[in-house]
Amino acid sequence: MIATEKTIEEKGWDVGRIREDFPVLGQTVNGKPLVYLDNAASAQVPRIVIERGAKYLREEHSNIHRGVHYLSQRATSAYEGAREKVKRFINAREARECVFVRGVTEGVNLVMHGYGRKLVGEGDEIVVSEMEHHSNLVPWQMLCEEKGARLRVLPMNDAGELILDEFDALLNERTKLVCVGHVSNSLGTINPVKEIVARAHKQGVPVLVDGAQGAPHLKVDVQDLDCDFYAISGHKMFAPTGSGVLYGKAELLEKMNPFLGGGSMIRTVTFERSTYAAIPDKFEAGTPAIASAIGLGAAIDYLNSIDREAAHAHERELLRYATEKLSGIEGVRIIGTAREKASVLGFVIDEVHPHDVGTILDQEGIAIRAGHHCAQPVMQHFGVPATARASFAFYNTKEEVERLAAAVEKVIEVFA
Ligand code: C6P
């Protein structure tokens, strides 16, 4: 007998059950059941994360690391407990390698200020890829401008895949850092970051990975990737906004200058000079987003409580189904057709501006994103000002994909 491939449902992914964990999904928008397909911008928050945040505010709210009193100790232990959860989630060697930040933007800027401004000089080079989000591009341009350094760009092909054959030639003794996204937010491409890290390391160059879209959809093991920095945004992985992590290898973080100066990041202060606290405190000046960090810990608990392999398989199936449905509609062009993709479907419709697509879909209760997705060089590559983008999470359904396809057909009818 020939074994047939099991469906996701047979493998045990009960999307109806999972949706109950996300109260926001149960509402109607413009009189229609909400179809939330803007997960790459911000994913929704499960009940246990909401409840954990409420418990902190109700029972534990206090400043951390400062007080000897009961509440401060509870808040500190919840905050540091969240750091331990992050450490295990990304398989860092030590919790002190995980710096809480507001998100990837702050994480990359921290590396730019702490590492870049200290170690990059005139004539040095930074390599980025053509598909970077502005967060992993603009800070490096700012640094290059300040230091007289040069930005080198690893190009991509028309499928939206990096042209790795051109990578080695970009590296030389002046290269100080390679900055690359794990998953492109505009194209969905999963980049071969392990290979990129290995090649860069051969030339002694450290690598920063923008994990904003990687961490929600892929299993991340920073030791296996051997990357030097990995940045995460909590709000894209089912946690509140204001939470995020910059992972850095301890020896690099220790070498770096602090980013923000102030309370909590010092060891001693006199008018003559200050000395700094050990990592990660050196990078966490002032009162951090305590509730958000604790929420990120709860989101990790949630992710650990579900079958993540089945969740990712479900997302891949939604992407496959949506790609099939939309590419079957005349006038629709998919932007981003890499062989390895995660959960993002960018598209344009002949003669229709993506903002109009987004507005009409909203009338149907469908939330997508339209614009340049903070990746203008990607839009330039494909010769479009913007795209419409549907992005999936494991709580989305095939019926929602069908509603998306029907709404896209409606857009075409409206503009015919
Ligand atoms: N992308 C999107 O809709 P922040 O805003 O700091 O949490 O994350 C910035 C960022 C960095 N890198 C990538 C690959 C991203 O996708 C994002 C955020 C959102 O695609 C908002 S533009």
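Both ligands and their constituent atoms are indexed starting at 1 by order of listing.
- Between atom 6 (O) of ligand 1 and the options N109, T241, T105, the minimum heavy-atom separation is to T105.
- Contacts between D210 and ligand 1 below 4.0 angstrom, taking non-hydrogen atoms only, involve the side chain exclusively.
- Residue, atom and distance of the protein heavy atom nearest to atom 9 (C) of ligand 1 are S135 OG, 3.4 Å.
- Across the listed options A41, G103, S233, S233 owns the non-hydrogen atom lying nearest to atom 4 (P) of ligand 1.
- With a heavy-atom cut-off of 4.0 Å, H235 touches ligand 1 through its side chain alone.
- Closest to atom 16 (O) of ligand 1 among all protein heavy atoms lies Q213 NE2, 2.7 Å.
- Among protein heavy atoms, the minimum distance from atom 18 (C) of ligand 1 is reached at K236 NZ, 2.7 Å.
- Ring to ring, F394 and H314 are not that close: their centroids are 6.0 angstrom or more apart.
- Here CZ of R19 is found 13.0 Å from OH of Y36. Values are rounded to the nearest 0.5 Å.
- The C374 neighbourhood of ligand 1 comprises atoms 22 (S), with distances under 4.0 Å to a heavy atom of that residue.
- Separating the CG atom in N396 from the OG atom in S343 is a distance of 8.5 Å, to the nearest 0.5 Å.
- The closest approach between R102 and ligand 1 stays at or above 4.0 Å for every heavy atom of the residue.
- When all heavy atoms are compared, the tightest approach of H217 to A342 is CB-CB, 4.3 Å.
- Among H134, R369, R389, H373, the residue whose heavy atom sits closest to atom 22 (S) of ligand 1 is R369.
- Taking CD1 from I48 and CG from D21, the interatomic distance works out to 8.0 Å, rounded to the nearest 0.5 Å.
- Ionic pairing of E195 and R199 is present here: one or more N-O contacts between side-chain nitrogen and carboxylate oxygen are shorter than 4.0 angstrom.
- In A212, the part holding a heavy atom less than 4.0 Å from any atom of ligand 1 is the side chain.
- Of the protein's non-hydrogen atoms, H133 CD2, 3.3 Å is the one closest to atom 15 (C) of ligand 1.
- The CZ atom of R369 sits 14.5 Å away from atom CG of L37, with the distance rounded to the nearest 0.5 Å.
- Not close to ligand 1: G181, with no non-hydrogen atom less than 4.0 angstrom away.
- Using cut-offs of 30° and 60° for the angle between ring planes, the F238 and F22 rings count as perpendicular.
- Between H182 and Y230, the ring planes are perpendicular. Angles over 60° get that label, and only those under 30° would be called parallel.
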